[in-house]
Amino acid sequence: MDLQEWASILQNTIEEHDIEDTWSIEFDSAIIPNHPARGWQQYISGAFARFMCSKCKRTWPSKRVLVVFHMRLLEDKGMVKVKRYRQECKKCVQSTMEEPHFKTENIEVLLDKLVVKILVKCYYEDAGENNNPFHLEGRSDGPHEAAHCEACKHGICRQVTTKETE
C-alpha cells in the first residue's frame with residue numbers, strides 16, 4: 001500500500017476539517033494496541049480490504065481488517081502512526097502474512113473517521129458522529145478465519161467488523 005496515497009488523503013481530510021496544523025502519517029508495524037506511548041492517543045477501526053496470497057495468488061475480501069492508529073499533536077505538528085493487520089491464505093501451507101489492500105474510497109472513509117477522532121482527542125472539539133460506511137466489494141459474508149488473522153493471533157481482533165474503539 002502506498003504511503004504517499006495515505007498521506008495525500010490525510011492532508012485533504014485535515015484541510016476539509018479546517019485544521020491548520022501540519023499532520024504527517026507513517027506506517028509502523030511496531031505499534032502495540034492499547035499501549036500508546038506517553039502523550040499519544042489511540043484510535044482503532046475495523047475496515048474492509050482485500051488480500052492476495054503471494055504464493056498461490058488467491059484473493060479474498062475481509063470486512064474485519066483491524067487498523068490501529070496512534071496520534072499526537074506537539075505544538076503545531078501532528079503525527080499519525082498506523083498499523084494495518086495482516087491475514088494469511090487459508091489454502092497454502094506455511095503461508096505468509098499478507099498486507100491488506102484498501103480501495104482509495106475506503107482509505108478516505110478510514111482517514112475521515114480518524115480525523116474526527118483527532119478533533120476530539122487532540123483539539124478537544126465535539127466533532128459529532130461519522131457514519132460514513134466502508135465500500136464492500138465482492139462477497140464478504142463468510143466466516144472470519146481467526147486462525148489466519150494476525151489480529152486474532154495477537155488476541156486483539158475481538159471479531160471487529162467496521163466498528164471502532166477508542
Checking one residue: Met52. Which other hydrophobic residues are in its cluster under the side-chain 4.5 Å linking rule?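 Members other than Met52 - counting any ILVMFWY side chain reachable under 4.5 Å - there are none.
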Share the residues that join Met79 in a hydrophobic cluster, the rule being Ile, Leu, Val, Met, Phe, Trp or Tyr side chains under 4.5 Å apart at the heavy-atom level.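 Met79 shares its hydrophobic cluster with Trp40.
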Audit row: Val67, Phe102, side chain to side chain contact (heavy atoms under 4.5 Å, CB included) steps and yes/no: CA-CA 11 Å; Val67 182; Phe102 295 92; 3.8 Å; yes
Do [X] and [Y] have side-chain heavy atoms sitting under 4.5 Å apart?
{"X": "His17", "Y": "Asp112", "result": "yes"}
{"X": "Val65", "Y": "Arg84", "result": "no"}
{"X": "Cys149", "Y": "Tyr85", "result": "no"}
{"X": "Phe51", "Y": "Pro100", "result": "yes"}
{"X": "Ser62", "Y": "Gln87", "result": "yes"}
{"X": "Met71", "Y": "Leu114", "result": "yes"}

With rounding to the nearest 0.5 angstrom, report the [atom1] to [atom2] distance, [X] to [Y].
{"X": "Lys113", "Y": "Thr13", "atom1": "NZ", "atom2": "OG1", "answer": "12.5 Å"}
{"X": "Ser95", "Y": "His148", "atom1": "OG", "atom2": "NE2", "answer": "7.0 Å"}
{"X": "Ile9", "Y": "Leu111", "atom1": "CD1", "atom2": "CG", "answer": "6.0 Å"}
{"X": "Ile25", "Y": "Ile14", "atom1": "CD1", "atom2": "CD1", "answer": "9.5 Å"}
{"X": "Lys57", "Y": "Cys92", "atom1": "NZ", "atom2": "SG", "answer": "10.0 Å"}
{"X": "Ile156", "Y": "Leu66", "atom1": "CD1", "atom2": "CG", "answer": "5.0 Å"}

Between Gln41 and Leu73, is a side chain to side chain contact (heavy atoms under 4.5 Å, CB included) present by the stated rule, with each step listed? CA-CA 9 Å; Gln41 302 289 329; Leu73 177 63; over 6 Å; no
Looking at Gly39 and Arg72, what are the two nearest heavy atoms and their distance?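 Closest pair (atom of Gly39, atom of Arg72, distance): O-CB, 3.5 Å.
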Return yes if some donor-acceptor pair links the side-chain N/O of His35 with the main-chain N/O of Pro33 below 3.5 Å, else return no.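 Yes.
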Between Gln42 and Asn34 (side chain of the first, backbone of the second, donor and acceptor by atom type, cut-off under 3.5 Å), is there such a pair?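 The answer is yes, because a donor-acceptor pair under 3.5 Å joins these two groups.
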For Trp23, check ring-ring contact (aromatic ring centres under 6.0 Å, His included) against everything at least two apart and list the hits.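 Result, ring-ring contact (aromatic ring centres under 6.0 Å, His included) vs Trp23: none returned.
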For Phe69, what residues pass the ring-ring contact (aromatic ring centres under 6.0 Å, His included) criterion, not counting sequence neighbours?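 Once residues adjacent in sequence are excluded, the partners of Phe69 under the ring-ring contact (aromatic ring centres under 6.0 Å, His included) criterion are Tyr43.
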Among all residues two or more places apart in sequence or in another chain, which pass the side-chain hydrogen bond (donor to acceptor under 3.5 Å, both in side chains) test with [X]?
{"X": "Thr104", "value": "Glu5"}
{"X": "Thr96", "value": "Ser54, Glu98"}
{"X": "Gln11", "value": "Glu15"}
{"X": "Lys90", "value": "Glu145"}

List the residues meeting salt bridge (charged side-chain N to carboxylate O under 4.0 Å, His left out) with [X], not counting sequence neighbours, and say none if there are none.
{"X": "Lys91", "value": "none"}
{"X": "Asp28", "value": "Lys81"}
{"X": "Lys153", "value": "Glu88"}

With sequence neighbours left out, which residue pairs that include part of residues 34-48 fulfil the salt bridge (Lys or Arg N to Asp or Glu O under 4.0 Å) condition?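 Residue pairs passing salt bridge (Lys or Arg N to Asp or Glu O under 4.0 Å), neighbours aside: none found.
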Taking a hydrophobic cluster as the set of Ile, Leu, Val, Met, Phe, Trp and Tyr residues connected by side-chain heavy atoms closer than 4.5 Å, whether directly or through intermediates, do Ile19 and Trp6 fall within one such cluster?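 As far as the 4.5 Å side-chain criterion goes, Trp6 and Ile19 are connected within one cluster.
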Please report the C-alpha distance between Val68 and Ile32 in whole Å, then the side-chain angles of each, then the deciding distance to 0.1 Å, and finally whether the side chain to side chain contact (heavy atoms under 4.5 Å, CB included) criterion is met. CA-CA 9 Å; Val68 178; Ile32 301 172; over 6 Å; no
